Amino acid sequence: MNYKEYKNLSYPQIGDDILKFWKDNRIFEASVDTREGSPSFTFYEGPPSANGTPGIHHVMARSIKDIFCRYKTLQGFQVKRKGGWDTHGLPVELQVEKELGITKDDIGKTISVEEYNERCRQTVMKFTDQWNDLTEKMGYWVDLENPYVTYENNYIESLWSLLKKLYDKGLLYKGYTIQPYSPAAGTGLSSHELNMPGTYKDVKDTTIVAMFKVKTVESYPVFADVTGLVDLRILAWTTTPWTLPANSALTVGANITYVLVKTFNPYTYEPVEVVLAKDLVGKYFTEKGEDGDFEGYAASDKKLLPWTVLKEFKGKDLEGVEYEQLMPYVQPDKPAFRVIIGDFVTTEDGTGVVHTSPTFGADDFRVAHANGIPAIMVKDENGKEVPIVDRRGRFVKEITDYADRFVKPEYYSAEEQADPEFRATDVLIAIRLKEEGKAFKVEKYEHTYPHCWRTDKPVLYYPLDSWFIKTTAMKDKLVELNKTINWKPESTGTGRFGNWLENLVDWNLSRSRYWGTPLPIWRSEDGEEVCVGAISELKRLLEKANASGKLSSEQAESNKTYLAKLGDGDFDLHRPYVDNIYFVSSQGNVMFREPDLIDVWFDSGAMPYAQWHYPFENHEIFNESYPADFISEGVDQTRGWFFTLHAIAGMLFDSVAFKNVVSTGLVLDKNGNKMSKRLGNAVDPFETLGKYGPDATRWYMITNAEPWDNLKFNIDGIQEVQRKFFGTLLNTYNFFALYANLDGYNFHEATAVPVESRTELDRWILSKLNTLIKEVGEQFDDYNPTKAGRLVQDFVTDQLSNWYIRLNRRRFWNPSSENAGLTEDKKAAYETLQHCLVTVSQLMSPIAPFFAEWLYKSLTDGIREESIKANSHLKYDSVHLTHWPVVEYSDIDLDLEEAMEMAQSISSLVHSIRKKHKLKVRQPLSKVLIPALTEKTSRQIHQVASIILSEVNVKDVDAINDNDGFFHKRAKPNFKVLGKKFGKDMQAVAEKIKLWDNNEIMQLEKDGQYLITDLQPVAAILIDEVEIYTEDVPGWLVASENGLTVALDITVTDELRLEGIARDFVNRVQNLRKDSGFEVTDKIEIALENNNELLASAVIANREYICQEVQAMDLRLVPELIGEINGEIEMDEFLLRINIGVVS
RNA sequence: GGGCUUGUAGCUCAGGUGGUUAGAGCGCUACACUGAUAAUGUAGAGGUCCGUGGUUCGAGUCCACGCAGGCCCA
C-alpha cells in the first residue's frame, strides 16, 4: 500500500503526530539550515512579555508572522527567526508589588532594591513555559533556544551604546514634562498612582471666566467688518485661577463655531464685546436679554445683561489674534499671548476657549510647544529656569502680590484655613480681576480633581525633569523614511503612523522606577555630564575615578567592589549596583548617576541591534539582517514598537528598521466585544488548539477576515472551516488513496503522461492549478494571507472536489484495469490528482503547516526513496523543505478555463430545467441546444460537450449559430459606452433598445449600426454598443443566466424511457450490493423476476450497460423467483423482485 | 474632542477605475443524487447596501454632513 488510508482521523492528532515528526527530525532547523547561502529574508520578532499568559489573539498575531516566514522559506530564502523576551517595565513591577503586598514607597525601605529587582527577574519569566508550549502547539516556528532577553547585560550594553550615540549627536537632553505632582508629598505621581481608587474627588473650586483684551482689533480680517467695537475681549474659563499669571496663549478648536457678542461687563458695567463658542452662549446670557435694551442698561438695576450677536466665525479664523497679557508679572523671552489651534478644545463647558499655561498643563505644554509659544518661567538662584510656582506649591517672589502664597488652600494648615480672614489665593485673584475689569464671571464650581493618595492633598500638574530623545529634530527624516515602508494596511502607515510622525513630540525616556535599563548618564553638581556607551568605558571611568582620590572612602570602596565584579564577569548593569558607581568630573567633583530608568519601549525598539549585541559583536550577522524585511504586530503597537524601531533606526542609522509591516487588528469575541479575562469571554488558546487542532484554528482566523480588520472570533467558524475545507480535502485524499492503492498506482516522474496528451478535464484542472499557484503567490507577495487562503480553499472545494473529482469518478472506478494494469488514461488521472494535491499541500503549508505536512507526507512518503534517487521535487521529507511551485505558464489555458466555466453554467441551467419539470437526472434526454452567438462560444461548447452530456445525462449537445430567427434575440444597452455617448438621453435610448426584437437586431447585425429614428436627435447605435443575447427558443424549455441560454428537449422517447428505467434498475442493484455488504470488486450474478413487460424490455435492451455498471457476470430474467428473495423493492412504477449473489 | 478604521442577507464575508436583476459560504425550507456518503447537486425564502443631502443620464461605489461600533490619543 503506497498511500495511507485513514478512518476517523482527528485533526488534533495530526497536529501531535506532525509536531513529533518535526521535533524528531529537527525540521524547523533544517528549513533554515538548508537555505544556507541563499539570500536572507529577515524577520524581527516583537518580544512578548512572559509575565502574563498568552491569549487567542497571540495565535492570530503569530500565525501572521509564521505564514510569511514559511512562505519566504519555500521561496528559497533563508529566514532566521530569533525569539525574544521583553522583560523590563511597569507591568512586571506592579505584579511584584502585588505579590509582595508592597507599594513603591516600600522599595528601598522594607525591601532592598536588590531583592526587589531579583524578584522582578524571576517573575518576568514566570509563564515562559506556557508561551513556549503555545508556540510549539500552534506551529509557530521561531528560535526559542537562543532568544534575546532584554535584561541581560549584553542587551543593556547595546542599549547604552545606542544612547551614547544619541547623546553624542546632541539628541539626548534633560528637559521637563508636565506630570501630576504632589507638592505636599514632594513627589511626582505615576499614571497608575493616579488611577488608584479614591484619588479623584469632588471639590468646589473658585473658577473664573477671564477676559483677554484683543490688541489692534482692526488688523484682523475676522473683526474688520464689524464696526463700532469699543473693547473686544476673548473669554476663557479656568478652574485653576492660580495658573493665570502663567498664561501665555489661548487655544481654540479649529472647527468650533464662535460668536462675537456685544454686551456689558457685569462687574464694571462698561460696554464690551466678547468672543466665546456659539454653543455656550446660553451659559452666560439669558434669552430675555437677547437684543435687549442697551441704552437703558446703565439706568437699570443691571440684573439683566442685554446682548446681541455681532458675528459668527470658526475657530481657525481666530488663529494668530494677539491679546494683552492678563497678569503681567513675568515677561516671556519670546513672543506670546496669541490665539492658537488645539485639538483638545471642547464646548462641553467653559467658553470653548482654553486658557493655556505651558508649565501647568500637559495639553497646554504640547500645544504651546507645537506653536512656538514660550512658557512663563523665572530664573532661580542658580540661573536655572523654574516655573512661577515652587516645588512646595507656593508662588515665587516675582509674583509680587502673591509671593510665597500657596496656590491651593488645602496646602495651608487646618488652623490657617479656619481663620475667618483667610482667603484662598484663587479668591484673591478673582477679586483683583473683577476690580480690573478682567473677569466676566466668577463662581464656585464643583468638579472632580485628582488628589495625592498619600497626603490626600490636591495634585498639581507641574513641570518635572525628564530625559528626552529629541525626535523632533529628526522629524523630517522620519517622515521621509516612513514613505518607503510598505504598510499593510496602507492607511495605518499614512494615517495613524504618518500623522503621528507629523505631530511628533520629543520622546520622554525617563521612568522613575527600579526594574529596567538604567540611564547611563552620570552628572556632577556643577553640571558636567558623561554618558557611558560600553562596559569597557564604565570600567575605565571607574578606574579613573578611584585613581583621582576625590571620592569618599565609601564611594571608592563601592567602586572597587564593582570593578572586582566586572573582572569576574559577575556584574549586573541594573539598579542598585550602577547607582553605587561614582565618577569624578574634570573639576574634581563627584558625579552621580541620573537615577532614572529608560522607557522599556527603547528596549524593544533597539532589538535589531541588541539582539546581536551589536556593535560589540556579530557585525556580519547584523549587517545581513538589517533592516528587517518583515515585521508584524497589533495595530496598538503603532506608537509603541513600530515607532521605537523606526525612530532609533532613522535617528542613528539613517535607515528604516523594517521594509514591510503588517499591523493586525484585534481579536474580539463573537459578539464584537473586547475579550477580557475579567468578563469571562476570553477564549483559551490551549483549549481551542486542543479541540480543533492548530490548522483549522489558524485557517479560520486567517481566512475569515483580513489581518488588519478586527476578527470576531466564533468557534462555529472553526468547525465550518474544518468541515468545509479540511473535510473536503481529506475526502479528496482518501478517494485518491483508496483507488490508487487498489490499482497499485505509484508516481514515476520519468514515465508521467505528458500534459498535452491528458484529457480535457485533466488539462483544465492543471490549468486551474497553475493559475492558482500564480494568484496565491501574488497574494502572499502582497502580504495578504486572507486572499491567498480563500483562493486555495475555493480551488479545493469548488474546482478540485466538486467538479474534477465528481466528473472523473468513473475513470477511477473503471474495473477493467485488473488484468490490463493501469491504462494510460487512468495513470494520467492519478498523476493529475496527485499533482494537484501535492501542490495544494505546498500552497496551504504557510497557513496550515501541520495538515499540509500530513497531506504531503501521505502523498509522497511511499515514493520518497525513489524520488531521492531521481532527485525529483518530491525528494524532501517535509513540505516545509520543498520549493514553492513554479507556475507552468504553458499549462495555463484560459480558453479552456472559460469553456469549462461555461460547461458548469450550462450544466447548472439544465439541472434547473429538469428540476422545474420534475425530470430526474437518471432519465436520459435527447438534446440540449445552446444558442452560440459567436464562433468562439460555439467552439468552446463543442470542446466541453462530452462533459456536459455526462453531467446532465443528455444524448446530444448542440451549439448553433443562428441567423434564421430561430431564437428570440434581445439587446441590452452597454451603459458604460452609451452613457458617455448620449448623456441625458441615456434613459430614453435604453428604453428603445430594450424593446428591440429579432427584426431590429438582425438589421443591426447586418449593417453594423441601427438608427433610432423616433428620437430627437436620431440615435445611431453601433453593434458593439449593445450586448445581444437570446431570451427564448420557441417550442423549447429554456433557462438563462448571465446572457447564457440553454434550451432542453424534454421529449422522452420509448428508447429513452427504457434507458431511464435501466438506470433506475442499476441504481437499485447498486444499493442492494451495498446493503448486502459486497466488496466494490465483487462480481455478481442477478436473477430478476419477470413481472412487468416494460421492466423486462428495459433490462433486455440495456443488458450490456447494466451488467457493466453493476459488475454482473450474469443477468437472468426468470418467470418466478423461488426460495429466498434478497431484494424486493418498489420502483417508480414496478415492484422489483430480485436475487443477487457473488460469483466466486 | 482629535486621528485612523468598520458598517452590504439571520451569521461570517466578496463586491478594480461609478453602468441598471448587489453576490458567496453557513444556517433555514423543499427536492434530487447515491461505490468520496457524517459527502454532493438543484431550487426557494431572506437586502430601505447605517442615515440624510449632493455630484451624475446613472451611486453599494465619488463628495459633504451625521449616526453607531472599534483602536489609539487627549
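Below, chains carry the letters A, B, ... as their sequence lines are ordered, and counting in each starts from 1. What you see is a predicted model, and the numbers here were worked out from it, not measured in a lab.
- For the residue pair A/Tyr700 / A/Glu720, no side-chain donor-acceptor distance below 3.5 Å is found, with atom types taken as modelled.
- Taking atom CZ on A/Arg639 and atom C1' on B/A74, their separation rounds to 10 Å, with Å as the unit.
- Residues A/Lys314 and A/Thr257 have side chains that bring a donor and an acceptor to within less than 3.5 angstrom of each other.
- Of the candidate nucleotides B/A36, B/C71, B/U5, B/U5 has the atom lying nearest to any side-chain atom of A/Ser491.
- When side chains are defined from C-beta on, A/Phe360 does not count as touching A/Ile178, because their heavy atoms never get closer than 4.5 Å.
- Between A/Asn704 and B/C13, a side-chain N or O to OP1/OP2 separation shorter than 4.0 Å is present.
- Ring orientation note: the planes of A/Phe642 and A/Trp487 are nearly perpendicular, at an angle over 60° on the 30°/60° scale.
- Comparing the P positions of B/G23 and B/G16 gives a spacing of 14 Å, expressed to the nearest Å.
- For the pair A/Phe725 CZ and B/A36 P, the computed distance is 21 Å after rounding to whole Å.
- Along RNA chain B, the nucleotide nearest A/Thr732 and the nucleotide nearest A/Leu711 are compared for position; the residue whose nucleotide lies closer to the 5' end is A/Leu711.
- What separates CZ of A/Arg723 from P of B/G25 is a distance of 14 Å, to the nearest Å.
- The shortest side-chain heavy-atom distance between A/Leu925 and A/Leu1048 falls under the 4.5 Å cut-off.
- The NZ-C1' distance, from A/Lys724 to B/U12, rounds to 14 Å in whole Å.
- Picking from B/A36, B/U42, B/G25 the nucleotide with the shortest atom distance to the side chain of A/His911 gives B/U42.
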Identify the pairs formed between an N or O of the protein and an N or O of nucleotides 9-11 of chain B at a distance under 3.5 Å, and give each distance.
none

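- Whole-Å rounding puts the A/Gln793 CD to B/A14 P distance at 14 Å.
- A/Asn1067 comes within 4.0 angstrom of the backbone, heavy atoms only, and of no base.
- When Watson-Crick and G-U wobble pairs are counted only if both distances are under 3.5 Å, B/U61 pairs with no nucleotide at all.
- Heavy-atom contacts from other residues, nucleotides or ligands closer than 6.0 Å to NZ of A/Lys475 number more than 12.
- Comparing A/Leu668 and A/Phe975 by the nucleotide of RNA chain B whose heavy atom lies nearest to each, the residue mapping closer to the 5' end is A/Phe975.
- Taking atom CZ of A/Phe735 as the reference point, atom P of B/A36 lies 6 Å away to the nearest angstrom.
- Among the nucleotides B/U42, B/C26, B/A39, the one closest to any side-chain atom of A/Asn731 is B/A39.
- A 4.5 Å side-chain heavy-atom check between A/Arg914 and A/Asn953 finds at least one atom pair inside the cut-off.
- Within residues 798-807 of chain A, the residues that place at least one heavy atom under 4.0 Å from RNA chain B are, in residue-number order, A/Ser801, A/Asn802, A/Ile805, A/Arg806.
- Under 4.0 angstrom from either OP1 or OP2 of B/U5 there lies no side-chain N or O belonging to A/Arg496.
- Under 4.0 Å is where a charged nitrogen must lie from a carboxylate oxygen, and between A/Glu951 and A/Arg806 at least one such pair does.
- One atom, CG of A/Asn503, and another, C1' of B/A74, lie 13 Å apart when rounded to the nearest Å.
- If you check the side chains of A/Thr728 and A/Thr797, you find no donor sitting under 3.5 Å from an acceptor.
- Straight-line distance from the CD1 atom of A/Ile178 to the P atom of B/A74: 14 Å, rounded to whole Å.
- Within the 4.5 Å cutoff, no side-chain heavy atoms of A/Ile718 are placed close to those of A/Tyr11.
- Proximity note for A/Asn499 (side chain, C-beta onward) versus B/C4, B/C13, B/C26: the nearest is B/C4.
- B/A30 is paired with B/U42 under the criterion used here, namely a Watson-Crick or G-U wobble arrangement in which both key atom distances are under 3.5 Å.
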